[in-house]
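What follows is one structure encoded as structure tokens, with my remarks underneath.
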Amino acid sequence: MTDATALPGQPRGDVRSGPATERAVNVLAPNASAMTLDGTNTWILAEPGSDLAVVVDPGPLDEGHLRTVVDTAERAGRRIALTLLTHGHPDHAEGAARFAELTRTRVRALDPALRLGDEGLGPGDVVTVGGLELRVVPTPGHTADSLSFHLPADRAVLTGDTVLGRGTTVVAHPDGRLGDYLDSLRRLRSLTVDDGVHTVLPGHGPVLDDAQGAVEYYLAHRATRLAQVETAVEDGYRTPEQVVAHVYADVDRSLWPAAELSVRAQLEYLEEHGLI
């Protein structure tokens, strides 16, 4: 068995519902798959002693899951006062409208199409509910509308799909762009260096206790994959499908469609920078 402390980001191990930090509780959605890992992590955030809570990413449109999120907050003596979205992919956001009905909350997101209410979210925004403070961090790349949420009191960051608890994420071309994604990883690295963030609360997979190590691993992984794609093109592999079959030969074939999205983003990046 591999020691978790030796893995990138120092994952805690099994993914389960329950407290992760002093202010964050996970409710794991029942939508496990090759793409969603153990399922979507729906985060309930609240300041200790407060009777108000914020939910980040209600998850899929699964009535049982959405009601479990509400019940988990209520058992702790809290009312859900606001719903936030890291991005619009269905495994994070499909249940948001129904969740808003159940909780009578607004839904705030970067993408206006996902919002319920007048307020959106943008870079530099600070969300405060019941004494809890969340700082909005723009992290486009996985998708154009991807956001992360810095929880300074817990020295933590909620990353959605920008950084996962296990493995690496997809740059979902054409909406996602590699240049944006690399900039977002550097922005998250700055949080770990300049703001003392040490915990990653991801959208999928286990909590990571070494945020800087996780981000550094992601940056190194992207650099390696980009070099492999560039070499593959130089060796005559021209189409995205050909590059995937060559570069991702060691990856489960069921994941190749997702890998192709990242390859398309990498090819676009290399072309834009005159490298192919």
Side-chain angles (χ1 to χ4, degrees), residues 2 4-13 15 31-41 57 86-87 89 91-92 137 139-148 157-192 197 199-232 240 243-270:
T2 303
T5 61
L7 296 173
Q10 296 182 16
R12 290 190 184 174
V15 184
N31 62 333
S33 72
M35 289 297 296
T36 60
L37 305 182
D38 309 86
T40 300
N41 294 329
D57 290 351
T86 61
H87 66 296
H89 278 168
D91 55 314
H92 294 257
V137 182
T139 48
H142 170 66
T143 60
D145 69 329
S146 287
L147 297 172
S148 295
V157 61
L158 292 88
T159 54
D161 283 356
T162 299
V163 174
L164 304 178
R166 185 171 63 249
T168 56
T169 200
V170 173
V171 179
H173 183 272
D175 183 44
R177 294 174 57 86
L178 181 58
D180 291 342
Y181 185 66
L182 295 174
D183 288 343
S184 293
L185 290 177
R186 296 182 188 109
R187 192 170 296 118
L188 290 174
R189 181 171 59 186
S190 293
L191 284 181
T192 71
V197 166
T199 302
V200 173
L201 304 175
H204 303 279
V207 172
L208 300 175
D209 287 319
D210 177 16
Q212 184 174 352
V215 175
E216 294 288 0
Y217 171 78
Y218 265 57
L219 283 165
H221 171 79
R222 283 296 164 199
T224 298
R225 283 298 194 209
L226 194 60
Q228 290 172 337
V229 170
E230 184 178 2
T231 299
V243 173
V244 168
H246 179 67
V247 173
Y248 290 80
D250 60 337
V251 174
D252 189 320
R253 291 179 68 97
S254 68
L255 298 176
W256 281 14
E260 185 180 325
L261 297 179
S262 286
V263 165
R264 289 181 182 275
Q266 290 171 91
L267 291 172
E268 179 182 68
Y269 179 89
L270 291 169

For the residue pair Val215 and Leu191, establish whether any side-chain heavy-atom pair is separated by less than 4.5 Å.
-> no
Nearest-0.5 Å distance, CG of residue Asp210 to OG1 of residue Thr192 | 8.5 Å
State which residues pass ring-ring contact (aromatic ring centres under 6.0 Å, His included) with His204; sequence neighbours excluded, sorted by chain then number.
-> His92
Where do Gly13 and Pro206 come nearest, in terms of heavy atoms and distance?
-> O-CB, 3.3 Å
Minimal heavy-atom distance between Thr143 and Ser146, with the atoms involved, is OG1-OG, 2.6 Å
Do you know the tightest heavy-atom contact between Ala144 and Pro140?
-> O-CB, 3.7 Å
In Å and rounded to the nearest 0.5 Å, what is the CG to OG distance from Leu147 to Ser184?
-> 9.5 Å
Interatomic distance, Thr168 atom OG1 to Arg222 atom CZ [nearest 0.5 angstrom] | 5.5 Å
Where Gly141 and Val171 come nearest, the two heavy atoms and their spacing = O-CG1, 3.3 Å
For Glu260 and Tyr248, run side-chain contact (heavy atoms from CB on, under 4.5 Å): C-alpha distance rounded to whole Å, both residues' side-chain angles, the deciding distance at 0.1 Å, then the answer.
-> CA-CA 9 Å; Glu260 185 180 325; Tyr248 290 80; over 6 Å; no
Rounded distance [0.5 Å steps], NE2 in His142 versus CG in Leu261 | 10.0 Å
Val170 versus Met35: any side-chain heavy-atom pair under 4.5 Å?
-> yes
Under 3.5 Å side-chain donor-acceptor pair for Asn31 and Thr40 = yes
Do Glu268 and Arg264 sit within salt-bridge range, that is, some charged N less than 4.0 Å from a carboxylate O?
-> no
Residues Val251 and Trp256: closest non-hydrogen pair is O-NE1, 3.2 Å
Tyr181: ring-ring contact (aromatic ring centres under 6.0 Å, His included) partners, not counting sequence neighbours = none
Step-by-step side-chain contact (heavy atoms from CB on, under 4.5 Å) determination, Leu185 to Val163 = CA-CA 8 Å; Leu185 290 177; Val163 174; 4.1 Å; yes
Within-4.5 Å side-chain heavy-atom neighbours: Asn41 and Leu201 | no
pair Val247-Thr231: side-chain heavy atoms closer than 4.5 Å | no
So, do Thr199 and Asp209 sit near enough that their side-chain heavy atoms are less than 4.5 Å apart?
-> yes
The side chain to side chain contact (heavy atoms under 4.5 Å, CB included) partner of Thr169 among Thr162, Leu164, Thr159 is Leu164
side-chain contact (heavy atoms from CB on, under 4.5 Å) between Leu37 and Val15, worked out = CA-CA 10 Å; Leu37 305 182; Val15 184; over 6 Å; no
Nearest heavy-atom pair of Gly165 and Pro11: which atoms, and what distance?
-> O-CB, 4.0 Å
Gap between atom CG of Leu188 and atom OG1 of Thr139 - 0.5 Å precision | 6.0 Å
Going from CG on Leu182 to CZ on Arg177, what distance comes out if it is rounded to the nearest 0.5 angstrom?
-> 11.5 Å
Close side-chain approach of Pro240 and Leu267, heavy atoms under 4.5 Å | yes
ring-ring contact (aromatic ring centres under 6.0 Å, His included) filter on His246, not counting sequence neighbours, yields Tyr237
